[in-house]
Amino acid sequence: GVYADNDLLLTADLDMVIDPNKTGFLAAVDLQPDDTGQGRRNCCILNGMIASARGHGILLAAISQIVDNVLEHRTLADIIKGYGPNPPVWRFLFSQSLWHTGPCMLGSVVNRFLGRNPLTKYGTSSYLPTTTSPIPVIGRIRFLGTRMKAL
């Protein structure tokens with residue numbers, strides 16, 4: 001299935017981007033400010049456009065994380081503690097609202113799903129994950145670039 005926010009302007013033909021026989025999960029990289037406020041970091045995944053195979057483990061993991069964050073009444077400080085003893089606090093402060101249920105939470109979940117550090121940057125690429133997790137892995141995981149325009 002494919003989800004897209006109603007204010008998102010898609011400039012690509014999804015039939016050309018999504019191969020139903022190979023694509024398990026597809027989303028775009030969400031660019032957030034770096035520690036200087038000038039550059040861009042890309043450890044977040046845009047949740048305004050997601051394509052996924054039925055039952056894909058990334059969606060299960062993301063929904064589980066959201067429910068856990070809400071039921072446990074997690075604050076930003078609680079979330080930051082979950083990233084180890086010396087996390088880059090500036091990264092969380094530049095995009096505070098995106099770590100509970102938004103793009104940065106999704107990026108963190110996907111990184112963990114791929115067996116990577118949760119703050120690893122994304123590029124526009126494709127992964128065929130290997131995991132010993134009981135969570136289902138279906139097809140390739142792909143990340144697209146974004147072009148932001150003011151409308």
Side-chain angles (χ1 to χ4, degrees), residues 1-32 34 40-89 91-92 94-148:
V2 176
Y3 168 81
D5 282 352
N6 67 356
D7 62 346
L8 187 71
L9 176 62
L10 297 175
T11 59
D13 180 355
L14 290 180
D15 290 330
M16 300 299 289
V17 176
I18 300 170
D19 180 341
N21 298 314
K22 293 181 182 175
T23 302
F25 181 85
L26 175 105
V29 175
D30 190 14
L31 301 177
Q32 297 299 317
D34 68 6
R40 295 287 186 195
R41 298 273 183 185
N42 52 357
C43 67
C44 304
I45 297 294
L46 186 68
N47 59 352
M49 197 294 291
I50 296 172
S52 177
R54 180 188 314 251
H56 200 282
I58 286 177
L59 292 181
L60 174 62
I63 291 167
S64 295
Q65 183 65 58
I66 290 168
V67 169
D68 193 53
N69 286 346
V70 171
L71 291 179
E72 295 298 322
H73 304 282
R74 288 212 169 84
T75 65
L76 184 62
D78 296 328
I79 289 173
I80 292 170
K81 284 181 206 171
Y83 287 86
N86 296 305
V89 174
R91 185 174 288 177
F92 297 90
F94 269 105
S95 51
Q96 293 182 35
S97 64
L98 305 179
W99 290 94
H100 286 87
T101 61
C104 296
M105 182 278 310
L106 181 59
S108 172
V109 166
V110 173
N111 270 326
R112 286 185 173 124
F113 188 85
L114 292 171
R116 305 183 326 172
N117 178 300
L119 299 175
T120 300
K121 293 187 209 178
Y122 291 97
T124 54
S125 54
S126 177
Y127 300 87
L128 186 56
T130 57
T131 182
T132 58
S133 170
I135 298 173
V137 177
I138 304 166
R140 290 193 170 277
I141 297 170
R142 294 186 56 209
F143 304 109
L144 306 174
T146 56
R147 287 181 280 166
M148 302 297 201

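Here the closest non-hydrogen pair linking L119 and C43 is O-CB, 3.6 Å. Annotation for A27 and L46: closest pair CB-O, 4.0 Å, computed over non-hydrogen atoms.
Contacts of D5 classified as side-chain hydrogen bond (donor to acceptor under 3.5 Å, both in side chains), with partners at least two apart in sequence or in another chain: Y3. Taking the side chain to side chain contact (heavy atoms under 4.5 Å, CB included) definition, one finds that N6 meets it with nothing, sequence neighbours left out. Scanning for side chain to side chain contact (heavy atoms under 4.5 Å, CB included) contacts around N69 gives Q65, R74, I79, M105, with sequence neighbours left out. Scored by the side-chain hydrogen bond (donor to acceptor under 3.5 Å, both in side chains) test, T75 finds D78 as partners (sequence neighbours excluded).
Of the inter-residue distances, the one linking L106 atom CG with C44 atom SG reads 9.0 Å to the nearest 0.5 angstrom. In this structure, the separation between CG on D68 and CD1 on I63 is 13.5 Å, given to the nearest 0.5 Å.
Counting heavy atoms from C-beta on, the side chains of P103 and N47 come closer than 4.5 Å. Annotation: side chain of F143 is not in contact with side chain of L26 (no heavy-atom distance under 4.5 Å).
For the side chain to side chain donor-acceptor pair (under 3.5 Å) condition, the pairs that include at least one residue of residues 102-115, sequence neighbours left out, are Y83-S108, S108-R112, N111-R116, N111-Y122.
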Considering only distance and modelled atom types, tabulate donor-acceptor pairs under 3.5 Å from the side chains of residues 16-25, sequence neighbours left out.
residue, atom, partner, partner atom, Å
D19, OD1, N21, N, 2.9
T23, OG1, D19, N, 3.3
T23, OG1, D19, O, 3.4

